[in-house]
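What you see is a predicted model; the values in this text were computed from it and never measured.
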There are 2 protein chains.
Amino acid sequence: MNKIEIFKALSNETRLNIIEWLKEPEKNFPPQGEHFDYSIDLKGGVCVGSICDKAGISQSTISHYLDILQKADLLLAERHGKWTYYRRNEETLAEMAEYFNREI
Amino acid sequence: MNKIEIFKALSNETRLNIIEWLKEPEKNFPPQGEHFDYSIDLKGGVCVGSICDKAGISQSTISHYLDILQKADLLLAERHGKWTYYRRNEETLAEMAEYFNREI
DNA sequence: TTATTATATCCATTTATCTCGATATGTCAA
DNA sequence: TTGACATATCGAGATAAATGGATATAATAA
């Protein structure tokens, strides 16, 4: 767990929003994966387009932000067809909360 | 509590170290305030010079870092004579831990 | 195969951060 | 009042981050 990288990733309003939004994806985003006729467990993941719409920021910037969050291990990505679904990496987030409680 | 400003302030190895070091000042720094013949409660505060020595970074940079941490409400400063003593602002740190536990 | 859609990557410009040496300011001691 | 010391501020060059448009890649649909 790279704390500096994590703090940097969270040092941006939009990126922090993304993390918070993804805590309750069904509340903050439209239903996902309705294109598929077969059933897939998206595990709460949300596609890039939905995040762009919500954030109101260009697609290239959002894609870059998601990459930053993923590299910091704050998000997990899973591709299904044309879509990439991003969801929170609860493991790192829990470690981070614990670090805050313990060391900070 | 400005979360973005706080995350930015913590996004630097040395600044994060300072926050951690100041959790146990007597363990991480030499005794403070021995110059004074009268008694002052420094509340665990440490002077800039001691922090410079510990961090091995230039005085101007440390002073700037302390300013960044203070502006983010992570540190409190108190001047006594020639010296400025910095200590943690436990209130903000506790709020931040709570935010992490609740929202993140 | 081709057209279309979703996402990722590239490139460039602007803005912010890092870090230092030099200097200013504030405080005390002689 | 001067000198010495602790800290703060200034100015600058180097590096990194922010952001978007254009384009590439990947996957599907026609």
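- Side-chain N or O atoms of A:Gln32 include one that pairs as donor or acceptor with a backbone N or O of A:Cys47 at under 3.5 Å.
- The side chain of B:Val48 sits closest to D:dA8 out of D:dG20, C:dC20, D:dA8.
- Following rounding to the nearest Å, B:Tyr85 (OH) and C:dT27 (C1') show an atom-to-atom distance of 13 Å.
- Residue A:Ile57 is in sugar-phosphate contact alone, with no base atom involved, counting any heavy-atom pair closer than 4.0 Å across all strands shown.
- One can place CD1 of A:Ile4 at 15 Å from C1' of D:dA16, the figure rounded to the nearest angstrom.
- Of the candidate nucleotides D:dA17, C:dT27, D:dG20, D:dA17 has the atom nearest to the side chain of A:Lys8.
- Toward the 5' end of DNA chain D, the nearer of the two residues B:His64 and A:Thr14, judged by each one's closest nucleotide, is B:His64.
- Formation of a donor-acceptor pair under 3.5 Å by the B:Arg79 side chain with backbone atoms of B:Gly81 is found in this model.
- Residue contacts shown for B:Tyr86 are limited to sugar-phosphate atoms, with no base heavy atom under 4.0 Å away.
- One atom, CD of A:Glu13, and another, P of C:dT15, lie 20 Å apart when rounded to the nearest Å.
- Under the 3.5 Å distance criterion, the side-chain polar atoms of A:Ser11 are matched with a main-chain donor or acceptor of A:Phe7.
- Between C:dT17 and B:Asn12, no contact under 4.0 Å exists linking OP1 or OP2 to a side-chain N or O.
- Distances from the side chain of A:Arg79 to the nucleotides C:dT7, D:dC10, D:dT7 place C:dT7 closest.
- Within the 4.0 angstrom heavy-atom criterion, no nucleotide atom of any strand lies near A:Asp67.
- Note: CD1 (A:Ile68) to P (D:dA16) measures 14 Å, nearest angstrom.
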Ring pair (Phe, Tyr, Trp, His ring centres under 6.0 Å), that's the test. Do A:Trp21 and A:Tyr86 meet it? Break it down for me.
CA-CA 11 Å; A:Trp21 291 334; A:Tyr86 286 89; over 10 Å; no

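- Checking C:dC18, D:dA8, C:dT7 against every side-chain atom of B:Arg15, the shortest atom distance belongs to C:dC18.
- A:Asp73 places no side-chain N or O within donor-acceptor distance of the main-chain N or O of A:Thr92, the cut-off being under 3.5 Å.
- In this structure, B:Glu5 places its CD atom 14 Å from C1' of C:dA16, rounding to the nearest Å.
- When the side-chain nitrogen and oxygen atoms of B:Thr84 are compared with OP1 and OP2 of D:dA8, one or more of them lie within a distance under 4.0 Å.
- For the OP1/OP2 pair of C:dC20 and a distance below 4.0 Å, the side-chain nitrogens and oxygens of B:Thr61 include at least one atom meeting the criterion.
- Look at CD on A:Glu78: it is 16 Å from C1' on C:dT7, rounded to the nearest Å.
- Atoms CH2 (B:Trp83) and P (D:dA8) sit 13 Å apart, rounded to a whole Å.
- Atoms CG (A:Leu66) and P (C:dA6) sit 16 Å apart, rounded to a whole Å.
- Taking every side-chain heavy atom of B:Gln59 into account, D:dT7 is the closest of C:dA6, D:dG21, D:dT7.
- Residue A:Lys82 places its side chain closer to C:dT5 than to any other of D:dT7, C:dT5, C:dT7.
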